[in-house]
Amino acid sequence: MSDVHDNDNDDTARPVSTVRDSGTDAPGTTRTGTDLQTRRAPVPDRFEDPGLPPHRPRMADTDVAAAKRAERQVAFLFFLSIVGTVLTIVGYFAVPLRDETDAGRVLLSNILLGTGIFLTLFGIGTGAVHWAKTLMPDHEEIDERHQIEGGPQEQAEAVGILSNGIEDSGIGRRPLIRNTLVGALALAPLPAVVLLKDTGPNPEGVLAETLWQADTRLVTDPTGTLIRAEEIPIGGVVHVQPEGIEESSHFLDEKAKAAVLLIRLEPDEVAPEALAGSFAGIVAYSKICTHMGCPVALYEQTTHHLLCPCHQSTFDVLQNCKVIFGPSDRPLPQLPIDVDGDGYLVATDGFAEPVGPSYWEREQDLRRMTEES
Amino acid sequence: MNAVLRHRRHPLALVVLLLGGLLVAGMAYAAVVPTRAQASEATGEDQIALGEQLFLANCSTCHGTDGAGGYENANGRVAGPSLIGVGAASVDFQVGTGRMPAQASGPQIQKRDPQFSLEETRAMAAYVATEFGPGPGIPDEEYLDPANGDVAEGNELFRVNCAMCHNFAGSGGALTRGKYAPSLMGVEPVHVYEAMVTGPQSMPVFSDDTLTPQQKNDIITFLDYVENTPSAGGLSLGSLGPVGDGLFIWVVGITGLIACAVWLGAKSS
């Protein structure tokens, strides 16, 4: 059984006992407490095969009653599977889900089908395993490992088959065929390159641009009603989106960038740098977290903190949405607002920087936006 | 009687006796416990006079007799906020949910059993509304009935305006530094409405202009639907989202899988 082991290093193979006495200085050996100077626990070159543990008969092997019991257990598990199958089919027809609107009936159906399918599969699986473990023969059998490499004769045969194939195809004698085949193979991947072109071009600036621009009016999300400044009490918030966003070709994409939170503070609480873009204490900030893009909308009226629910980035509205806690790196961009001639809140400009988290081209986009304004 | 007594040594006799005792005690308690006054009958000056009495006795220590809140006294600054212009809705919410009178100071005033009857609460609300300037009033019954709202509209409004703090199923969530958005399950529609219109504690204000009374009614309808609809998926685990679900599957699910693996690998005895 150990002929595989002995193939490569017959000369070093020694019984373990001789290695232990030779006191070799194998690296990584540890010193024993009793004899530090001379005796180190030696690492043998090879470990002796401990062999298999002695065969221990199972209860079902020796006791007829135990074998009978195991048989009944396996049969019970298979029977459980049958019950599960019946339950699934009965459950499917007894609780029909077509046009069902009652959540309680849906729940009942889910429980019946789920339990039924679970019993069906679990009964067969556990029954088979239990059968194999308790009743099927458990004599240890040894499959010898053989060398993967073939003998010289097999190797020569394989080489012969290959060279015969090359000879028969005549590729060496017909260079025209060989060269056109090489050319065809080299050109075959080109259509993929042409087709992949369709994934481009790089949609430049699409992440930086939102639907907000000068004179875009603010409407409530999701109802789309225009907002008057006096409708927002101090301490009040309104979730807003740009007017006409529903008509844009990619409504949800646009909404994911343009979501804005409107907050009314006491007019003297507004940060000096946010004052120009505010109206009578009303400030508007992008709702998209500058960390990972979650909607930051947990506004605490008393502390004026805006909390992002994903990673707890906290922005202080009184300090122009400066980051005061969490992994976020940049303040939330402010949307400059004012009231128009009809008294409705309106954006006086788009965002001055790309909203949301960082991306590869953000620096370029930011530079372009700064130059344009 | 004898037929019953014959079973008195049966193992289940004790259980039956205990259940019977609990039932009688519960029914007796229900019969004796005072029911909450249904509606405030006292109106006008009588009500305001009662409200003033209650306010001076229970609220003025912190909010001041003039309702202006935080003032200096011999013991230092008293921290009660001003009640100027908070309106009747705010008083009805704070006292009606038991948040006021406050049990203890802390990051957030806790909800508990209300300390005053509805009549007393409404009297204080009327007093505060007339004495300390007008504010949002107690909402109209018309907008509090879950039957009058649209559950789909309510769901959309809830997702945009409320879900980020109160969780998608209204089961509440954490805020910063020990504050939290409470669960909305089991909250009276009138208190849901009043909370939106007054913005208690950390909650911002959702005025009737930007979130119309009908839209608030839709949200009430949605909350009623969530509360009274069983979870179609089975165990909702408190609808806490991925954290609760993850904890469950890592503890129960993975343990089950490990148990199966151990059983598969173990030799039969």
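To find a chain, count down the sequence lines: A is the first, B the second, and so on, and within it residues start at 1. The shown structure was predicted, so the numbers you read here are calculated from the model rather than taken from an experiment.
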Query - side-chain contact (heavy atoms from CB on, under 4.5 Å) between B/Lys267 and A/Arg56, worked out - result: CA-CA 10 Å; B/Lys267 204 168 174 341; A/Arg56 178 178 58 84; 3.9 Å; yes
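A donor-acceptor contact closer than 3.5 angstrom links the side chains of A/Glu300 and B/Thr176.
Atom OH of B/Tyr180 has more than 12 heavy atoms from other residues, nucleotides or ligands within 6.0 Å. Atom NZ of A/Lys255 has more than 12 neighbouring heavy atoms from other residues, nucleotides or ligands inside a 6.0 Å radius. Around the CZ atom of A/Phe78, the shell of radius 6.0 Å holds more than 12 heavy atoms that belong to other residues, nucleotides or ligands. Heavy-atom neighbours of A/Tyr92 OH from other residues, nucleotides or ligands within 6.0 Å: at or below the threshold of 12. Atom CZ of B/Arg112 is surrounded by more than 12 heavy atoms from other residues, nucleotides or ligands within 6.0 Å. Within 6.0 Å of CZ on A/Phe122 lie no more than 12 heavy atoms contributed by other residues, nucleotides or ligands. More than 12 heavy atoms of other residues, nucleotides or ligands shown are found within 6.0 angstrom of CZ on A/Arg228.
In this structure, chain B has no heavy atom under 4.5 Å from any part of A/Ser109. Looking at A/Ile234, only its backbone comes within 4.5 Å of chain B, counting heavy atoms on both sides. Using a 4.5 Å cut-off between heavy atoms, A/Thr134 contacts chain B through both its backbone and its side chain. For B/Gln201, the part lying under 4.5 angstrom from a heavy atom of chain A is the backbone only. If you measure heavy-atom distances from B/Ala174 to chain A, the contacts under 4.5 Å come from the backbone alone. In this structure, the portion of B/Ser231 lying under 4.5 Å from any heavy atom of chain A is its backbone and not its side chain.
A side-chain donor-acceptor contact under 3.5 Å links A/Asn110 to the backbone of B/Ala232. A donor-acceptor contact shorter than 3.5 Å links the side chain of A/Gln301 to the backbone of B/Gly199.
The minimum heavy-atom distance between B/Trp263 and A/His130, with the atom names listed, is CH2-N, 4.0 Å. The minimum heavy-atom distance between A/Pro233 and B/Val205, with the atom names listed, is CG-CG1, 3.4 Å. Between A/Tyr299 and B/Pro204, the shortest heavy-atom contact is O-CD, 3.5 Å. Between A/Val238 and B/Thr210, the shortest heavy-atom contact is CG2-CG2, 3.5 Å. When all heavy atoms are compared, the tightest approach of B/Ser207 to A/Glu231 is OG-O, 2.7 Å.
Of the listed residues (A/Arg264, A/Lys133, A/His305), the one with the most heavy-atom contacts under 4.5 Å to chain B is A/Lys133. Of the listed residues (B/Gly173, B/Pro230, B/Gly234), the one with the most heavy-atom contacts under 4.5 Å to chain A is B/Pro230. Note on B/Asn161, B/Asp208, B/Leu157, B/Thr229: by heavy-atom pairs under 4.5 Å with chain A, the leading option is B/Asn161. Between chain B and the options A/Thr303, A/Thr302, A/Asp102, the largest number of non-hydrogen pairs under 4.5 Å is found for A/Thr302. Highest contact tally toward chain B, considering only A/Asp61, A/Leu298, A/Ile227, A/Val106, is held by A/Leu298 [criterion: heavy-atom pairs under 4.5 Å].
Atom-to-atom distance recorded for B/Ser268:OG and A/Asp138:CG is 8.5 Å, nearest 0.5 angstrom.
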